[in-house]
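Working notes for the structure below.
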Amino acid sequence: MSEIPYKIYLEESELPDKWYNVRADMKKKPAPILNPGTLKPVTVEELSGIFCEELAKQELDETTPYFEIPEEIKNFYKMYRPSPLVRAYCLEKKLDTPAHIYYKFEGNNTSGSHKLNSAIAQAYYAKQQGLKGVTTETGAGQWGTALSMACSYFDLDCQVYMVKVSYEQKPFRREVMRTYGAKVTPSPSMNTEVGRKINAEFPGTNGSLGCAISEAVEAAVAQDGYRYVLGSVLTQVLLHQSVIGLETKAALDKYGIKADTIIGCAGGGSNLGGLISPFAGEMLRGENQYDIIAVEPASCPSLTRGVYTYDFCDTGKVCPLAKMYTLGSGFMPSPNHAGGLRYHGMSSVVSELYDQGLIRATSVEQTEVFEAAETFARVEGILPAPESSHAIKVAIDEAMKCKETGEEKNIVFGLTGTGYFDMFAYEKFNNGEMSDYIPTDEELAKSISQIPKFDI
Ligand SMILES: *Cc1c(COP(=O)(O)O)cnc(C)c1O
């Protein structure tokens with residue numbers, strides 16, 4: 001076998017032709033999303049009022065294993081894909097571990113994250129449908145950036161509701177979006193009914209992702225020719241993100257490498273779901289075994305400490321209900337929480353795979369995450385996003401276990417993006433001012449007790 005290079009590039013011709021829908025291989029499917037009014041599974045018709053029709057179809061299709069990637073999306077992908085799978089030789093040396101560490105790097109585009117993979121698909125389907133534009137929310141700003149890039153490519157109007165605290169703390173993210181022609185509004189705003197209500201109830205609030213989602217949905221429904229798009233959580237997003245896992249699998253296969261451990265950070269579950277889909281598919285079909293680990297912040301521990309139940313996807317309770325691991329739609333991570341990964345719930349596919357025991361989950365605290373980020377940055381040369389660094393932390397932990405046991409495991413993790421816009425958080429860490437906060441059982445119980453009991 002040939003020597004494994006630092007960067008395993010696939011050829012342009014090896015770019016996947018199809019996205020993979022892992023639900024098709026699940027015997028027990030994720031629970032259907034429900035209309036909050038009727039508590040019946042939503043139909044494509046109902047969803048099409050909020051989402052583009054083609055995306056609504058993808059969202060509800062649990063049997064088609066592969067979806068052709070349209071030519072125009074593939075051509076856009078070719079500008080920045082296939083993304084490299086990097087053998088972290090320098091990190092291995094630094095850790096003095098017998099483990100082989102690989103990371104799939106998704107930060108090589110202006111949005112700085114994997115989110116462009118789904119943004120370009122969602123903008124494409126909106127354009128196909130003849131829409132004027134789309135609305136969305138953004139937290140840390142990566143999704144808004146990715147979507148504004150995709151919309152400018154397809155000449156669509158893009159309206160972004162940006163969580164107020166990020167709007168103020170990340171002015172450069174905002175300017176990237178405006179450079180691509182997006183209209184960016186701090187949320188909660190006075191533009192929407194739900195925004196005005198939240199502003200009245202919580203004067204001076206910094207906003208939250210759940211609240212920005214409600215505003216964006218309301219704005220989409222209120223304007224002719226607009227639909228709402230979302231950058232994570234939804235099954236359609238996991239489908240588009242499967243391109244990450246398919247490329248990873250192809251690159252490993254090219255060198256005859258069998259992954260042992262696969263690690264991804266989990267906010268809404270889209271990068272993790274996309275990375276693991278083809279591997280989870282093999283497990284579901286009984287072809288292979290992998291140790292798959294979802295990593296979440298200890299300050300927002302939906303998988304490790306949440307409950308598996310139907311809940312609202314947003315604070316304003318306008319979205320369909322999803323069965324997922326959730327901390328309650330009113331949950332807000334403590335103010336010292338620095339990075340993303342602050343969503344109260346989790347993708348229903350990732351939730352179901354976790355519930356079936358196919359994957360495991362762990363939580364880590366932010367100071368140890370930033371330590372891992374710096375260790376990585378100093379040897380591998382990439383300044384990682386705080387979100388991605390959750391996966392780095394656990395990859396390092398797993399590699400150190402191999403040092404004790406002498407095992408030469410192949411550890412693969414998703415390096416979802418770069419952290420250039422997160423320097424406030426890095427500054428805090430460098431100044432020794434970063435603290436950890438783990439919510440108490442009482443705090444979580446309070447938020448969880450507010451999840452409505454649906455008669456389903
Ligand atoms: C959004 C984001 C995440 C988390 O979102 P998922 O949907 O859980 O993947 C992780 N890393 C980066 C860099 C992101 O921008």
Side-chain angles (χ1 to χ4, degrees), residues 17-19 21 33 35 42-61 64 66-81 109-111 115-138 143-162 177-185 191-193 212-243 270 313-314 318-320:
D17 289 320
K18 300 178 176 77
W19 293 303
N21 180 15
I33 50 176
N35 178 322
V42 291
T43 60
V44 168
E45 207 181 7
E46 287 168 335
L47 266 193
S48 300
I50 306 176
F51 299 130
C52 305
E53 201 175 325
E54 201 53 41
L55 293 166
K57 283 184 195 155
Q58 292 180 357
E59 189 65 30
L60 299 184
D61 188 327
T64 307
Y66 288 97
F67 286 79
E68 196 80 37
I69 303 177
E71 197 61 31
E72 276 189 85
I73 299 176
K74 257 192 95 166
N75 288 342
F76 187 90
Y77 277 169
K78 282 177 192 166
M79 286 192 276
Y80 70 102
R81 309 203 69 85
N109 68 77
T110 294
S111 82
K115 291 203 172 67
L116 193 55
N117 301 333
S118 184
I120 195 64
Q122 297 194 43
Y124 168 82
Y125 291 116
K127 189 68 185 180
Q128 284 292 99
Q129 199 176 320
L131 297 177
K132 284 185 217 151
V134 292
T135 70
T136 198
E137 76 296 325
T138 197
W143 168 244
T145 313
L147 188 68
S148 58
M149 291 173 71
C151 284
S152 69
Y153 185 75
F154 285 119
D155 201 16
L156 283 166
D157 187 37
C158 179
Q159 301 174 0
V160 181
Y161 286 82
M162 184 171 189
M177 288 185 248
R178 293 182 59 214
T179 302
Y180 280 96
K183 179 165 167 260
V184 189
T185 308
N191 292 2
T192 64
E193 216 169 287
I213 295 176
S214 304
E215 284 208 278
V217 172
E218 187 184 321
V221 175
Q223 300 173 86
D224 242 4
Y226 281 76
R227 290 294 184 281
Y228 167 69
V229 295
L230 181 60
S232 181
V233 187
L234 296 174
T235 308
Q236 57 188 267
V237 183
L238 264 71
L239 176 72
H240 308 146
Q241 295 298 358
S242 70
V243 71
S270 76
C313 296
D314 62 323
V318 294
C319 291

Original post:
Going through the checks in order, is the side chain to side chain contact (heavy atoms under 4.5 Å, CB included) test met by Phe76 and Leu116?
Top reply: CA-CA 10 Å; Phe76 187 90; Leu116 193 55; 3.8 Å; yes
What's the shortest heavy-atom distance between [X] and [Y], and which atoms?
X: Glu53; Y: Ser48; result: CG-OG, 3.6 Å
X: Thr135; Y: Ala220; result: OG1-CB, 3.3 Å
X: Thr145; Y: Ser111; result: CG2-CA, 3.9 Å
X: Val237; Y: Ser270; result: CG1-CB, 3.7 Å
X: Val160; Y: Gly144; result: CG1-CA, 4.3 Å
X: Gly225; Y: Leu131; result: O-CB, 3.5 Å

**OP:** Just say parallel, tilted or perpendicular for the rings of Tyr77 and Trp19, cut-offs at 30° and 60°.
**Re:** perpendicular
Going by distance alone, is a donor N or O of one side chain under 3.5 Å from an acceptor N or O of the other, for [X] and [Y]?
X: Trp143; Y: Thr136; result: yes
X: His240; Y: Gln122; result: no
X: Ser214; Y: Asp314; result: yes

What's the separation between atom [atom1] in [X] and atom [atom2] in [Y], rounded to the nearest 0.5 Å?
X: Ser232; Y: Leu238; atom1: OG; atom2: CG; value: 7.5 Å
X: Cys52; Y: Tyr125; atom1: SG; atom2: OH; value: 10.0 Å
X: Cys313; Y: Leu230; atom1: SG; atom2: CG; value: 8.0 Å
X: Phe51; Y: Gln129; atom1: CZ; atom2: CD; value: 12.5 Å

**OP:** Could you name each residue pair satisfying salt bridge (Lys or Arg N to Asp or Glu O under 4.0 Å) that touches residues 67-78, not counting sequence neighbours?
**Re:** Asp17-Lys74
Original post:
Pairs in or reaching into residues 216-239: which pass salt bridge (Lys or Arg N to Asp or Glu O under 4.0 Å), with residues at least two apart or in two chains?
Top reply: none
For the backbone of [Y] and the side chain of [X], can you confirm whether one donor and one acceptor N or O come within less than 3.5 Å of each other?
X: Lys18; Y: Tyr66; result: no
X: Gln236; Y: Gln58; result: no
X: Ser242; Y: Leu239; result: yes
X: Asn21; Y: Thr64; result: yes

**OP:** Decide yes or no on side chain to side chain donor-acceptor pair (under 3.5 Å) for Glu215 and Thr192, but give the supporting numbers first.
**Re:** CA-CA 6 Å; Glu215 284 208 278; Thr192 64; 2.6 Å; yes
Original post:
After noting the C-alpha distance and the side-chain angles of Glu137 and Tyr228, does the key distance pass the side chain to side chain donor-acceptor pair (under 3.5 Å) rule?
Top reply: CA-CA 9 Å; Glu137 76 296 325; Tyr228 167 69; 2.7 Å; yes
**OP:** Please list, chain by chain and in numerical order, all residues satisfying side chain to side chain donor-acceptor pair (under 3.5 Å) with Tyr80, sequence neighbours excluded.
**Re:** Asn117
**OP:** Could you check Ile33 against Leu60 for side chain to side chain contact (heavy atoms under 4.5 Å, CB included), going step by step and ending with a plain yes or no?
**Re:** CA-CA 8 Å; Ile33 50 176; Leu60 299 184; 4.1 Å; yes
Original post:
How about Gln223: does its CD atom have over 12 heavy atoms from other parts shown lying under 6.0 Å from it?
Top reply: yes
**OP:** Verify side chain to side chain contact (heavy atoms under 4.5 Å, CB included) between Met149 and Thr110, making sure each step is shown before the conclusion.
**Re:** CA-CA 8 Å; Met149 291 173 71; Thr110 294; 3.7 Å; yes
